[in-house]
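Computed from heavy atoms alone, side chains included, the values below leave out hydrogens, waters and symmetry copies.
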Amino acid sequence: MAKIIPYTAEARWLMTAGAIACARMHRRGIPVDTQYCRDQQSKLRARAKQVQDDAWKIEGGDKWLQEYGSTASLSNPGQVTHILFDVLGIEPPEGSKTAAGKQSTKEEVLEEIDHPIVDAILQYRTYEKTMGTFDGIIRESVD
């Protein structure tokens, strides 16, 4: 069993210095280049659109676009489930149902499926998640 070592002067200094640094950040804030965030968001938006446009040209993407038209979206879990498992007939990974008995489209599940449209879905989700991070940074920024 590991022995618990009493705190040392060095540990106390580290905790105190960390608390002071956090207090200063809280008081002063952290400088954020919001224009840079917006620029990166714009680039990501363009990449995500390109991934989605390319996805409609991949095997299965044409059926997706035909089925959903202008509302087709790689980020819609219901559409992903329907196209992958119902339309394309891809066998879902074993044990990939949710507690409610529905087919999961979580990243871990999709990574087990070898199909080009799945690669596009995962890439698109990555771009969306990163854009959302920039949204939060911009939303919480103040002058």
Side-chain angles (χ1 to χ4, degrees), residues 2 4-5 7-143:
I4 298 175
I5 301 172
Y7 69 86
T8 63
E10 184 181 29
R12 186 173 59 217
W13 176 86
L14 182 61
M15 289 297 295
T16 303
I20 291 169
C22 286
R24 285 181 181 149
M25 284 190 308
H26 182 74
R27 186 178 72 234
R28 296 179 190 159
I30 300 171
V32 174
D33 185 345
T34 53
Q35 187 56 52
Y36 173 83
C37 291
R38 286 186 186 93
D39 292 345
Q40 293 306 307
Q41 227 179 3
S42 179
K43 289 176 185 178
L44 288 167
R45 194 172 291 112
R47 288 182 190 159
K49 182 177 179 348
Q50 187 62 54
V51 166
Q52 185 159 280
D53 290 346
D54 291 346
W56 305 145
K57 299 170 190 164
I58 295 172
E59 175 197 346
D62 54 341
K63 293 177 183 174
W64 196 325
L65 196 56
Q66 185 178 25
E67 181 102 13
Y68 291 100
S70 64
T71 63
S73 173
L74 296 177
S75 63
N76 184 309
Q79 290 182 18
V80 170
T81 301
H82 176 69
I83 295 298
L84 292 181
F85 307 116
D86 299 335
V87 175
L88 297 178
I90 295 173
E91 189 67 32
E94 196 168 312
S96 61
K97 299 259 185 193
T98 65
K102 294 185 177 188
Q103 182 56 53
S104 173
T105 59
K106 287 185 176 183
E107 183 176 351
E108 307 84 55
V109 172
L110 295 181
E111 285 176 342
E112 293 185 40
I113 300 171
D114 183 26
H115 194 283
I117 197 79
V118 173
D119 295 338
I121 293 166
L122 292 172
Q123 188 175 18
Y124 187 83
R125 285 182 177 180
T126 299
Y127 288 141
E128 273 198 327
K129 184 175 182 177
T130 307
M131 285 187 294
T133 300
F134 281 119
D135 278 338
I137 292 169
I138 293 166
R139 181 180 58 248
E140 297 300 323
S141 297
V142 294
D143 288 339

I need the [X] [atom1] to [Y] [atom2] distance, nearest 0.5 Å.
X: Q40; Y: T133; atom1: CD; atom2: OG1; result: 12.5 Å
X: Q79; Y: T71; atom1: CD; atom2: OG1; result: 5.5 Å
X: I137; Y: F134; atom1: CD1; atom2: CZ; result: 6.0 Å

Pairing residues for [X] by the side chain to side chain donor-acceptor pair (under 3.5 Å) criterion, not counting sequence neighbours:
X: T98; value: none
X: Q50; value: D54
X: D119; value: none
X: D135; value: Q41

For the backbone of [Y] and the side chain of [X], can you confirm whether one donor and one acceptor N or O come within less than 3.5 Å of each other?
X: Q103; Y: S96; result: yes
X: S42; Y: R38; result: no
X: E59; Y: P116; result: no

Can you give each donor-acceptor pair under 3.5 Å made by side-chain atoms of residues 80-93, sequence neighbours left out, with the distance rounded to 0.1 Å?
{"unit_1": "T81", "atom_1": "OG1", "unit_2": "P77", "atom_2": "O", "d": "2.9"}
{"unit_1": "H82", "atom_1": "ND1", "unit_2": "D86", "atom_2": "OD2", "d": "3.2"}
{"unit_1": "H82", "atom_1": "NE2", "unit_2": "E67", "atom_2": "OE2", "d": "3.0"}

Pairing residues for K63 by the salt bridge (charged side-chain N to carboxylate O under 4.0 Å, His left out) criterion, not counting sequence neighbours: none

Pairs touching residues 29-63 that satisfy ring-ring contact (aromatic ring centres under 6.0 Å, His included), sequence neighbours left out: W56-W64

Residue pairs involving residues 99-114 (criterion salt bridge (Lys or Arg N to Asp or Glu O under 4.0 Å); sequence neighbours excluded): none

Any pair counted as salt bridge (Lys or Arg N to Asp or Glu O under 4.0 Å), so long as it reaches residues 43-53, sequence neighbours left out: K49-D53

Can you give the donor-acceptor pairs under 3.5 Å from side chains of residues 18-31 to other protein atoms, not counting sequence neighbours?
none

Nearest non-hydrogen partners of [X] and [Y], listed with the distance:
X: I117; Y: A55; value: CD1-O, 3.4 Å
X: M131; Y: A48; value: CE-CB, 4.2 Å
X: L110; Y: V118; value: O-CG1, 3.2 Å
X: Q52; Y: S73; value: OE1-CA, 3.8 Å

Side chain to side chain contact (heavy atoms under 4.5 Å, CB included) against D39, all qualifying residues, sequence neighbours excluded: Q35

